[in-house]
Amino acid sequence: MNLRIGQGYDVHKIAHGRKLIIGGVEIPFGGKGLLGHSDADVLSHAVVDAVLGAAGLGDIGKHFPDTSPAYKDISSLQLLWETGRTLAKSGLIVQNVDCTVIAQAPKMASYRKEMEGNISTALGISAYRVNVKFTTEEGLGFTGSGEGIAAQAVCLISEKGRSI
């Protein structure tokens with residue numbers, strides 16, 4: 001069986017006047033959100049990079065450049081959905097995705113199942129194949145000081161029709 005692993009990382013600066021979208025879920029955050037060309041969903045972006053990396057297909061910037069007006073304010077779940085279709089066309093399937101969102105605030109654990117459901121739906125896989133975790137950095141670094149939010153993801157893929 002041909003298995004491949006990919007890793008993704010994304011970070012965006014916190015800004016006033018933006019919606020906070022993480023894993024396709026809008027989270028109340030006092031009028032603050034993440035700054036970016038799209039909806040700046042760091043979790044979805046990290047998953048896109050992990051999936052593309054596992055497939056050897058480059059990264060999010062190659063497929064969805066932030067210089068293109070086509071992706072201005074787009075839902076990052078749409079980018080993830082398109083990534084899943086690209087993977088399927090390559091004869092590959094996501095076996096699992098494991099993610100960590102790094103943020104001092106806001107608390108997000110109550111949104112976990114919805115995020116996992118959004119990611120699994122976008123990739124066309126069962127929700128049990130997606131795991132989302134949350135951590136702080138105990139006040140250290142740019143995430144700990146509240147300047148930004150980051151996310152990491154790893155993804156295991158295999159040839160279509162081969163499930164582990």
Side-chain angles (χ1 to χ4, degrees), residues 6-55 57-87 94 96-125 127 129-155:
Q7 180 268 336
Y9 175 80
D10 194 43
V11 62
H12 284 274
K13 182 179 181 175
I14 293 175
H16 289 278
R18 298 271 301 183
K19 292 180 181 179
L20 180 61
I21 310 291
I22 305 288
V25 178
E26 185 175 336
I27 300 169
F29 193 38
K32 295 183 287 186
L34 296 174
L35 187 60
H37 185 68
S38 66
D39 64 4
D41 181 342
V42 292
L43 177 55
S44 294
H45 291 181
V47 175
V48 167
D49 266 347
V51 171
L52 290 171
L57 296 173
D59 63 16
I60 194 170
K62 176 181 175 183
H63 292 264
F64 311 107
D66 64 4
T67 55
S68 172
Y71 304 116
K72 178 73 176 146
D73 298 323
I74 194 169
S75 165
S76 296
L77 284 180
Q78 179 65 33
L79 304 180
L80 188 55
W81 184 86
E82 290 181 30
T83 300
R85 303 302 76 76
T86 298
L87 194 71
V94 172
N96 80 302
V97 179
D98 186 46
C99 317
T100 304
V101 177
I102 306 152
Q104 198 66 35
K107 298 296 184 191
M108 298 181 222
S110 63
Y111 302 100
R112 177 189 332 267
K113 289 295 180 201
E114 189 176 356
M115 291 176 189
E116 290 171 347
N118 288 343
I119 293 167
S120 65
T121 298
L123 291 174
I125 59 175
R129 293 183 180 271
V130 178
N131 187 56
V132 177
K133 305 177 299 288
F134 307 94
T135 192
T136 67
E137 290 190 309
E138 304 298 328
L140 300 173
F142 69 90
T143 60
S145 68
E147 295 175 65
I149 295 176
Q152 300 175 343
V154 292
C155 173

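All figures in this text were calculated on a predicted structure; none of them were measured in a lab.
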Which is it for Asp66 and Lys72 under the salt bridge (Lys or Arg N to Asp or Glu O under 4.0 Å) test, yes or no, and what are the steps along the way? CA-CA 8 Å; Asp66 64 4; Lys72 178 73 176 146; over 6 Å; no
Can you name the closest pair of heavy atoms from [X] and [Y] and give their distance?
X      : Y      : answer
Pro65  : Tyr71  : O-CD1, 3.6 Å
Ile27  : Pro106 : CG2-CG, 3.9 Å
Thr136 : Ala103 : CG2-O, 3.4 Å
Ala109 : Phe134 : CA-CE1, 3.7 Å
Leu87  : Ala55  : CD1-CB, 3.5 Å

Are the side chain of [X] and the backbone of [Y] linked by a donor-acceptor contact shorter than 3.5 Å?
X      : Y      : value
Asp49  : Asp59  : no
Ser120 : Gly117 : yes
Gln104 : Gly139 : yes
Asp41  : Ser76  : no
Asn96  : Arg129 : no
His16  : Gly33  : no

Kindly determine whether Ile149 and Leu34 satisfy side-chain contact (heavy atoms from CB on, under 4.5 Å), including the steps that lead there. CA-CA 8 Å; Ile149 295 176; Leu34 296 174; 4.0 Å; yes
Hey, could you give me the [atom1]/[atom2] distance between [X] and [Y], rounded to the nearest 0.5 Å?
X      : Y      : atom1 : atom2 : answer
Ser145 : Glu137 : OG    : CD    : 9.5 Å
Ser44  : Gln78  : OG    : CD    : 11.5 Å
Ser38  : Phe64  : OG    : CZ    : 10.5 Å
His12  : Ile22  : NE2   : CD1   : 9.0 Å
Leu52  : Thr83  : CG    : OG1   : 4.5 Å
Thr135 : Gln152 : OG1   : CD    : 10.0 Å

Report the C-alpha distance between Val94 and Cys155 in whole Å, list the side-chain angles of each, state the deciding distance to 0.1 Å, and finish with yes or no for side-chain contact (heavy atoms from CB on, under 4.5 Å). CA-CA 7 Å; Val94 172; Cys155 173; 4.0 Å; yes
Less than 3.5 Å apart, any donor N or O on the side chain of His37 or Thr67 sitting next to an acceptor on the other?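 Their side chains do not contain a donor-acceptor pair, so the 3.5 Å distance test is not met.
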Quick one, Phe29 with Ile14, criterion side-chain contact (heavy atoms from CB on, under 4.5 Å). Give me CA distance, side-chain angles, the key distance, then yes/no. CA-CA 10 Å; Phe29 193 38; Ile14 293 175; 4.0 Å; yes
Can you list every pair that meets salt bridge (Lys or Arg N to Asp or Glu O under 4.0 Å) and has a residue in residues 102-123, with sequence neighbours left out? Lys113-Glu116
Could you walk me through whether Val47 and Leu123 pass side-chain contact (heavy atoms from CB on, under 4.5 Å), step by step? CA-CA 10 Å; Val47 175; Leu123 291 174; 4.2 Å; yes
Min side-chain heavy-atom separation Leu80-Ile119 under 4.5 Å: yes
Do the non-hydrogen side-chain atoms of His63 and Leu57 ever get within less than 4.5 Å of each other?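 The answer is yes, as the side chains (C-beta and beyond) meet within the 4.5 Å cut-off.
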Salt bridge or not between Asp39 and Arg18? Use side-chain N to carboxylate O under 4.0 Å.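 No, no charged N to carboxylate O under 4.0 Å.
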